Amino acid sequence: MLVARPIELLSPARDLTCGMEAVRHGADAVYIGAPAFGARAAACNSIDDIRHLCDFAHPFNVRIYVAMNTILKDDELAEAERMICRLYDAGVDALIVQDMGITRLDLPPVPLHASTQADNVTPEKVRFLHEAGFTRVILARELTLDEMAAIRRQTSVELEAFVHGALCVSYSGRCYLSAALSGRSANRGECAQLCRLPYTLEDADGRTIVAGKHLLSLKDLNRADELEAMMQAGISSFKIEGRLKEVSYVKNLTAYYRKRLDALFARSGAFYRLSAGASSYTFEPQPDKSFNRGFTPYYLHGRTPDITSFETPKSTGEFLGKVRDVSGNSFTLTTKKAVHNGDGFIFRSSRGAWEGVRANRVEGNRVYLLKKSALRLQTEVYRNFDKAFEDLLAKPSAERKLAVKFELRDTCFGLTLSATDETGARAIVVRSLEKVSARANPLENIRVQLSKLGNTPFRADETVVNMSGLWFIPSSLLAEMRRDVTDRLLLVKRIQYRRVQVKAGNPAAIYPECRTDYTANVANAEAAAFYCAHGVETVVPAYELSPPHGIPLMLTVHCLRYSMGWCPLHHNCRSPYKEPFYLVHDRTRLRLQFDCRACRMEVYAG
């Protein structure tokens with residue numbers, strides 16, 4: 001007999017507001033930055049805000065995960081330990097970590113999720129992490145469906161994978177470009193995003209191959225059409241990237257994937273949603289209206305040519321149409337989509353550069369700008385800011401409610417009112433009442449009064465009245481009983497809420513390698529002791545502690561030789577230029593090396 005499997009939609013939160021909106025718009029779980037030690041240093045949150053988010057989310061059985069996924073120095077471990085205890089007391093359901101030293105601290109029973117920064121690529125590594133005590137492993141974005149399925153077949157730990165958002169061009173946790181060139185370590189949450197800069201590609205003789213393009217910049221991930229395939233491959237949690245994104249992004253993308261997943265669940269009994277409560281929306285979610293550089297499923301089905309965003313690292317948004325005519329500072333679009341005053345557009349000029357303009361006034365498909373632009377006939381125009389859509393999302397745009405059944409009964413001395421929500425949680429209140437026959441049938445007023453649930457997380461789904469007579473019940477008494485029973489129901493739900501139990505690690509688990517290099521990101525004595533305790537004979541310090549010479553600063557499956565059509569494996573041809581190739585930006589010079597056996601590109605200081 002097939003047992004249905006729960007599926008989690010995991011949304012990002014830059015702050016408390018974003019987290020609450022993620023819950024309202026349908027997330028099964030939310031991940032948010034800790035007060036410190038998160039891989040997005042600009043997205044830290046206080047313990048009080050995290051506690052507030054837990055209190056708001058848990059009645060819906062929505063889990064809150066806190067990202068503490070930087071590498072730690074020795075003098076930071078004590079602070080991290082204290083913070084984790086406070087986070088657990090605040091109600092968090094799990095920590096997302098990459099530093100293995102955290103596993104050796106004196107921790108409360110909080111589950112640990114292995115961050116994608118921990119380079120979770122092989123079945124052997126994932127199986128080890130499970131044996132070492134991790135309850136979930138977040139897989140590398142670069143994995144194919146077949147590779148995900150192979151990990152699922154060989155392990156039993158929960159698997160999480162990204163489905164949407166910005167892509168790191170490097171394997172997560174294995175990029176040292178920012179640390180080497182700017183002193184800002186990505187593994188310390190301070191990535192300078194040097195991959196989004198324009199570079200000129202030169203050959204060994206100094207000849208220009210490509211000039212001034214964003215050659216390390218990728219499109220954004222979108223696997224909305226691959227959700228069912230990923231479920232079949234064994235993924236249980238679908239993660240939206242974006243802990244630095246604005247609240248409208250969180251609203252739009254959470255609602256979009258909620259609706260896509262619910263449609264899949266309705267067609268198949270093999271999967272079901274993890275949390276409770278139904279969301280209703282004031283808008284129709286559309287992913288291309290939120291920040292994006294164009295979309296790609298990345299390497300889910302193997303190497304494909306559609307992953308790059310060479311022209312611009314900025315948001316291109318949604319395609320609108322082509323310019324039909326230009327007159328002075330106005331132009332007409334051939335499009336079926338409505339355009340609005342204040343819309344932002346982006347297009348490629350005759351020089352090939354991307355330029356942006358803002359609509360000052362719109363009449364039908366005629367757009368008036370404040371000044372003349374470089375638009376020409378047949379120019380393709382994209383909208384990267386939809387004023388009407390953003391205005392809609394700036395207002396309350398979703399409600400999430402738990403269905404509740406009320407049952408009102410009379411007793412020999414008064415009334416009882418019970419409330420049972422869709423999860424089975426139940427509360428009851430009792431009131432005395434002098435029984436006086438009503439002049440009119442009170443049933444309709446009872447239903448009306450009990451349905452007034454206002455700002456509570458509940459929605460009256462059914463009201464049952466079992467009384468021995470048609471008694472007069474004051475509306476004020478019904479309102480008082482409704483308030484009291486819903487308050488008690490919330491209290492019951494908080495008491496009954498159960499966090500996932502922590503898994504005890506196996507101290508005899510053996511790490512799949514006997515030596516770790518700098519890419520293991522070992523920056524403290526406890527992390528080194530972790531690897532040694534699990535059979536590693538040689539532990540090399542993290543790049544940030546002791547930068548080695550002559551090593552790749554970036555490891556990536558993105559290959560410029562492939563992008564240029566010169567891959568000896570896929571294109572069966574060779575480059576007309578002399579290698580090694582170099583990426584040049586101002587005074588920065590990076591050397592490229594191609595590892596065809598591993599099918600990846602390595603970036604070195606030039």
Side-chain angles (χ1 to χ4, degrees), residues 14-15 17-18 21 42 164-166 193 196-198 212-214 217-220 222 241-242 244-253 255-256 281-295 308-397:
R14 179 180 61 190
D15 52 26
T17 298
C18 287
E21 292 301 338
H164 199 99
Q193 295 197 343
R196 300 295 182 185
L197 295 175
K213 299 293 185 182
H214 301 269
S217 183
L218 302 183
K219 291 180 180 178
D220 284 4
N222 184 329
E241 180 277 338
L244 292 178
K245 293 295 197 302
E246 66 281 356
V247 68
S248 62
Y249 174 98
V250 174
K251 289 181 173 186
N252 187 27
L253 272 303
Y256 178 73
Y281 310 104
T282 66
F283 68 104
E284 185 60 36
Q286 300 176 66
D288 58 358
K289 288 186 179 293
S290 291
F291 186 102
N292 72 87
R293 303 173 178 92
F295 292 125
T308 56
S309 177
F310 287 169
E311 302 301 328
T312 178
K314 299 177 181 178
S315 177
T316 53
E318 59 178 327
F319 176 69
L320 280 185
K322 294 183 179 181
V323 174
R324 191 169 71 216
D325 70 77
V326 179
S327 176
N329 66 333
S330 68
F331 65 95
T332 301
L333 273 173
T334 301
T335 182
K336 295 182 180 179
K337 298 181 178 181
V339 289
H340 318 100
N341 296 347
D343 280 358
F345 308 105
I346 191 169
F347 63 93
R348 290 184 66 181
S349 69
S350 58
R351 304 190 311 275
W354 284 83
E355 296 188 16
V357 293
R358 180 65 64 92
N360 183 49
R361 179 165 55 92
V362 173
E363 295 177 359
N365 286 358
R366 191 78 187 178
V367 179
Y368 294 85
L369 309 174
L370 284 174
K371 58 182 180 179
K372 191 173 181 180
S373 72
L375 281 161
R376 298 164 295 137
L377 293 179
Q378 296 302 303
T379 298
E380 292 187 342
V381 176
Y382 295 77
R383 175 167 54 192
N384 59 4
F385 182 81
D386 186 330
K387 180 67 162 54
F389 190 74
E390 292 294 329
D391 285 349
L392 194 59
L393 291 182
K395 303 172 184 177
S397 52

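Worth saying up front: this structure is predicted, and the values here are computed from it rather than measured. Throughout, residue positions are numbered sequentially from 1 according to the sequence presented.
- Between Ser349 and Glu355 the shortest heavy-atom distance is CB-OE2, 3.5 Å.
- Once rounded to the nearest 0.5 Å, the distance linking OG1 of Thr312 with CH2 of Trp354 reads 7.5 Å.
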Evaluate side chain to side chain contact (heavy atoms under 4.5 Å, CB included) for Phe385 paired with Arg358, printing each intermediate quantity in order.
CA-CA 9 Å; Phe385 182 81; Arg358 180 65 64 92; 4.3 Å; yes
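- Residues Thr334 and Arg324 meet the side-chain proximity criterion, which asks for heavy atoms closer than 4.5 Å.
- Counting heavy-atom neighbours within 6.0 Å of Lys337 NZ, excluding the residue itself, gives a total above 12.
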May I have the step-by-step check of side chain to side chain contact (heavy atoms under 4.5 Å, CB included) for Glu311 and Lys213, ending in yes or no?
CA-CA 6 Å; Glu311 302 301 328; Lys213 299 293 185 182; 2.9 Å; yes
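- Counting heavy atoms of neighbouring residues, nucleotides and ligands inside a 6.0 Å radius, atom NZ of Lys314 does not exceed 12 of them.
- In this structure, CG on Asn292 lies 10.0 Å from NZ on Lys219, to the nearest 0.5 angstrom.
- Side-chain contact between Thr379 and Phe331 is absent, with no heavy atoms from C-beta onward closer than 4.5 Å.
- Summarising the geometry of Asn365 relative to Thr335, their closest heavy-atom pair is ND2-O, 3.2 Å, with the distance given to 0.1 Å.
- Of the inter-residue distances, the one linking Glu246 atom CD with Leu244 atom CG reads 10.5 Å to the nearest 0.5 angstrom.
- Proximity of Phe345 to Leu375: side-chain heavy atoms (C-beta onward) are nowhere separated by under 4.5 Å.
- Here the side chain of Ser330 pairs a donor or acceptor atom with the backbone of Ser327 at under 3.5 angstrom.
- The CZ atom of Arg348 sits 12.0 Å away from atom OG1 of Thr316, with the distance rounded to the nearest 0.5 Å.
- Between the side chain of Glu21 and the backbone N or O of Lys251 there is no donor-acceptor pair closer than 3.5 Å.
- Residues Asp325 and Thr332 bring a donor and an acceptor atom of their side chains to less than 3.5 Å of each other.
- Considering all non-hydrogen atoms of both residues, Val339 and Gly364 come closest at CG2-O, 3.4 Å.
- A pairwise comparison of heavy atoms in Val326 and Leu377 identifies N-CD2, 4.1 Å as the closest pair.
- Of the inter-residue distances, the one linking Tyr368 atom OH with Arg361 atom CZ reads 5.0 Å to the nearest 0.5 angstrom.
- The salt bridge (charged side-chain N to carboxylate O under 4.0 Å, His left out) analysis of residues 376-389, with sequence neighbours excluded, yields the pairs Lys289-Asp386, Glu318-Arg383, Asp343-Arg383, Arg383-Asp386, Lys387-Asp391.
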Evaluate the side chain to side chain contact (heavy atoms under 4.5 Å, CB included) criterion for residues Phe389 and Asn252: first the C-alpha distance (whole Å), next the side-chain angles of each, then the deciding distance (0.1 Å), finally the verdict.
CA-CA 10 Å; Phe389 190 74; Asn252 187 27; 3.6 Å; yes
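- Checked against His164 for a ring pair (Phe, Tyr, Trp, His ring centres under 6.0 Å), the options Phe295, Phe291, Tyr256 give a single hit: Phe295.
- Using a 4.5 Å heavy-atom cutoff, the side chains of Pro285 and Leu253 are not in contact.
- Distance check, rounded to the nearest 0.5 Å: OG of Ser248 to CG of Leu392 gives 11.0 Å.
- Closest approach of Ala255 to Phe283, counting heavy atoms only: CB-CZ, 3.8 Å.
- Smallest separation of non-hydrogen atoms from Arg293 and Pro313: NE-O, 2.6 Å.
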